[in-house]
Number of protein chains: 2
Amino acid sequence: MAQVQSLERSLSIMEYLARDPAGASVAQLSQEMGLAKSTVHRLLQTLMARGYVQQDQQYGHYQLGVQCLTLASHFLGQLDIRNLAKASLMQLSKDSGEVVHLCILDRNEAVYIDKVESQQTLRMYSQVGRRAMLHCTGVGKALLVGFDEQQVERLIQEKGLPRFTDTTITEAKQLEDEIKQIRQQGYAIDEQEHEKGIRCIAAPIFDYEGKVSAAISIAGPIERMTKERVQKDLPSVMLQHSQLLSKKLGYRGCSKSTQMISGESLR
Amino acid sequence: MAQVQSLERSLSIMEYLARDPAGASVAQLSQEMGLAKSTVHRLLQTLMARGYVQQDQQYGHYQLGVQCLTLASHFLGQLDIRNLAKASLMQLSKDSGEVVHLCILDRNEAVYIDKVESQQTLRMYSQVGRRAMLHCTGVGKALLVGFDEQQVERLIQEKGLPRFTDTTITEAKQLEDEIKQIRQQGYAIDEQEHEKGIRCIAAPIFDYEGKVSAAISIAGPIERMTKERVQKDLPSVMLQHSQLLSKKLGYRGCSKSTQMISGESLR
DNA sequence: AAATGATGTTCCGTATTATGGAACGAAAGG
DNA sequence: CCTTTCGTTCCATAATACGGAACATCATTT
């Protein structure tokens, strides 16, 4: 419960700078956060001395610095799941020709921690480090497999179920049912629920405790990702890899909150 | 000059955690940094409450958290050069079939800020956010084009010229000459100078002020990246893209510290 | 099973350290 | 040229971060 004020303020400053790509001025920050200019200035100086913040060369605005990236790179390096999954991601990308993503759960959001680009020129916009809501994305729904009813309820309370397209799930009941189905079949389909024109198939990965530790997905434009393909063709390869990865994490089958499906193990 | 102690300490903690992928304990941190356990604990609590640090679920070790990645993602988003260069990177990757990188300079090191993977199975290990030394890498030497003699001298004093392979440049004079040549021809070749078996070609990108603002490279195993190919075939495409990007940044030709070469502009 | 040691966590009095106001300089805008 | 806004520096104040000690938790040893 004990918190360090100056550190909290510094983090808030960085998060504020993250919001605005153009950066912010001392005055703007001090106003926005209700702090004295001198306080903001001092914190910025310290952050800048270490490279976590830098000053725009033309306008003098303060913005995030390179050290943020360095930390993130080490964070990614320490994620075992990322190394484990790399080969599968490459394989899936090669087989499907579409973008493949790896996500983990953080604070009721999906966070992209790896991706393999499609070779096609028409591509989805995405980026490692980006966050997405759970109810409207393939990876999100796959991650929801690990939630019990209470957790889903809390999620809805906290974030709501905002509509993005006409197929977005916006009812609690609907989401509950969807999760049950995904749990049964082992994969999730995002039917243009977040972005019109993008269809996606995703699957959860379980760890040795039976907890959902990540999710993988294949996504692409509906012209190539046809209903046919997503429902008939892709589920098997998707399950192949999600089960392989779960196995690598020590997953041995059922667990309290999860029933796994048929699917023989592979090679 | 005025620095905030608690913030500095917090950053040091995070940097220490970055060093060890397994994370660290309170005791270890407090010993290593000469702080009271309670102090370290308090800082960690604050960092953890915000998601910049997390506790290993099995062993309780503290390690970097997801928020680091989120910040980095925003940092990358604010880099204009990255968006500008994306198309060129894709094109270069497609044409060459090898890994393509985009780097910027930070504190006398090259920092990878983007890459496009090769489709070949045999691939170099690299990662966005990673750092590399300047004297022994293609991108590094390309970035050095923007250094004057004093800066090179300071670089050598600060970092030295450590040898990685038998072709690594380890003499100041040799480096100076190399830089001059690169400046003339507009591109740099890394002849297995950092990693045995990897050959690479790189080129600097200039901004509207004539300053070097980034570097791009194509790298791959010597079996595919033959001397022939790197010296005859790739320079032209490399220059094409580096000049295009420089143009996009408002570069209009020569400037005090730089002589540009022939090369007509393109479409 | 009891004891030892090492670690993580909480509490609290102290004074170090972060704070914000004011004053100064510099730059921008009218 | 004057006015305003912003960035930076200085300083007295007290709020806040600090570290020691006590407590809790766990693992290992005897």
Side-chain angles (χ1 to χ4, degrees), chain A residues 1-67 78 208-209, chain B residues 1-67 78 208-209:
Chain A
M1 241 343 16
Q3 303 295 46
V4 180
Q5 191 184 57
S6 55
L7 175 54
E8 285 198 298
R9 290 172 167 180
S10 307
L11 297 176
S12 296
I13 286 178
M14 295 181 78
E15 285 162 19
Y16 186 90
L17 293 179
R19 253 168 260 147
D20 194 342
S25 64
V26 174
Q28 189 180 345
L29 284 164
S30 87
Q31 261 197 332
E32 206 72 36
M33 330 196 57
L35 299 176
K37 277 191 300 177
S38 54
T39 304
V40 173
H41 184 255
R42 201 170 338 100
L43 295 173
L44 282 172
Q45 288 303 316
T46 308
L47 288 169
M48 202 159 60
R50 297 297 208 97
Y52 293 89
V53 158
Q54 63 193 22
Q55 255 181 309
D56 184 288
Q57 293 187 342
Q58 306 181 54
Y59 304 106
H61 284 170
Y62 290 89
Q63 47 188 212
L64 293 180
V66 191
Q67 274 304 115
Q78 86 191 1
Y208 68 102
E209 282 177 298
Chain B
M1 238 349 9
Q3 302 297 45
V4 180
Q5 191 183 57
S6 55
L7 175 54
E8 284 199 299
R9 289 172 167 182
S10 306
L11 297 176
S12 296
I13 286 178
M14 295 180 77
E15 284 162 19
Y16 186 90
L17 292 179
R19 254 168 260 148
D20 193 342
S25 64
V26 174
Q28 190 180 344
L29 284 165
S30 87
Q31 263 196 332
E32 206 72 37
M33 329 196 59
L35 299 176
K37 276 190 301 177
S38 54
T39 303
V40 172
H41 184 255
R42 203 173 333 103
L43 295 173
L44 283 173
Q45 288 303 317
T46 307
L47 287 169
M48 202 159 59
R50 297 296 208 97
Y52 293 89
V53 157
Q54 63 193 23
Q55 256 182 309
D56 184 288
Q57 293 188 340
Q58 306 180 54
Y59 303 106
H61 284 169
Y62 291 89
Q63 46 190 211
L64 292 181
V66 190
Q67 275 304 115
Q78 86 191 1
Y208 67 103
E209 283 178 297

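Chain identifiers are assigned alphabetically (A, B, ...) following the order of the sequence lines, protein sequences preceding nucleic acid strands; residue numbering begins at 1 within each chain. Scope of the values below: all heavy atoms of this structure, side chains included, with no hydrogens, waters or symmetry mates.
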> Looking at Leu35(B), Val40(B), Thr39(B), which one forms a side-chain contact (heavy atoms from CB on, under 4.5 Å) with Val26(B)?
Replying inline: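 Exactly one candidate clears the test, Val40(B).
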Measure from [atom1] on [X] to [atom2] on [N] and round the result to the nearest Å.
| X | N | atom1 | atom2 | value |
| --- | --- | --- | --- | --- |
| Gln45(A) | dC10(D) | CD | P | 13 Å |
| Gln3(B) | dA17(D) | CD | P | 17 Å |
| Leu43(A) | dG20(C) | CG | C1' | 12 Å |
| Glu8(A) | dT16(D) | CD | P | 11 Å |
| Leu47(B) | dA17(D) | CG | P | 13 Å |
| Leu29(A) | dG7(D) | CG | C1' | 13 Å |
| Leu44(A) | dA18(C) | CG | P | 15 Å |
| Gln55(A) | dG7(D) | CD | P | 9 Å |

Any chance you could measure [X], atom [atom1], to [Y], atom [atom2], to the nearest 0.5 Å?
| X | Y | atom1 | atom2 | value |
| --- | --- | --- | --- | --- |
| Gln45(B) | Ser38(B) | CD | OG | 12.0 Å |
| Leu7(A) | Arg42(B) | CG | CZ | 11.0 Å |
| Arg9(A) | Leu29(A) | CZ | CG | 13.0 Å |
| Gln67(A) | Leu47(A) | CD | CG | 11.5 Å |

>> Heavy-atom nearest nucleotide on DNA chain D for Leu7(A) versus Ala24(A): which residue maps closer to 5'?
In response: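 Nearest-nucleotide comparison on DNA chain D picks Ala24(A).
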> Can you name the closest pair of heavy atoms from Ala22(B) and Gln63(B) and give their distance?
Replying inline: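 Between these two residues, the closest heavy atoms are O-NE2, 3.8 Å.
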Tell me which nucleotide among [options] gets nearest to the side chain of [X].
| X | options | answer |
| --- | --- | --- |
| Lys37(B) | dT9(C), dT8(D), dC18(D) | dT9(C) |
| Gln5(A) | dT16(D), dT10(C), dT7(C) | dT16(D) |
| Ser38(A) | dG21(C), dG7(D), dG20(D) | dG21(C) |

>> Using a 3.5 Å distance criterion without hydrogens, assess whether the side chain of Glu8(A) forms a donor-acceptor pair with backbone atoms of Gln3(A).
In response: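 No.
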Between [X] and [N], does any side-chain N or O lie under 4.0 Å from OP1 or OP2?
| X | N | answer |
| --- | --- | --- |
| Arg9(A) | dT19(C) | yes |
| Arg42(B) | dC18(D) | yes |
| His41(B) | dG8(C) | no |
| Tyr62(B) | dT9(C) | yes |

>> Mind checking if Ser6(A) touches a base, just sugar-phosphate, or nothing, with heavy atoms under 4.0 Å?
In response: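 The answer is sugar-phosphate, as Ser6(A) gets under 4.0 Å only of primed atoms, P, OP1 or OP2.
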>> Under 4.0 Å, counting only non-hydrogen atoms across every strand here, what does Thr39(B) touch: a base, just sugar-phosphate, or nothing?
In response: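 Answer is base: heavy atoms of Thr39(B) come under 4.0 Å of a base.
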> Which residues, if any, of residues 10-18 of chain A bring a heavy atom under 4.0 Å of DNA chain C?
Replying inline: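 Nothing qualifies; none.
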> In chain order, what residues pass the salt bridge (charged side-chain N to carboxylate O under 4.0 Å, His left out) check against Arg50(B), with sequence neighbours excluded?
Replying inline: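 Counting only residues at least two positions away or on another chain, Arg50(B) forms a salt bridge (charged side-chain N to carboxylate O under 4.0 Å, His left out) with Glu15(A).
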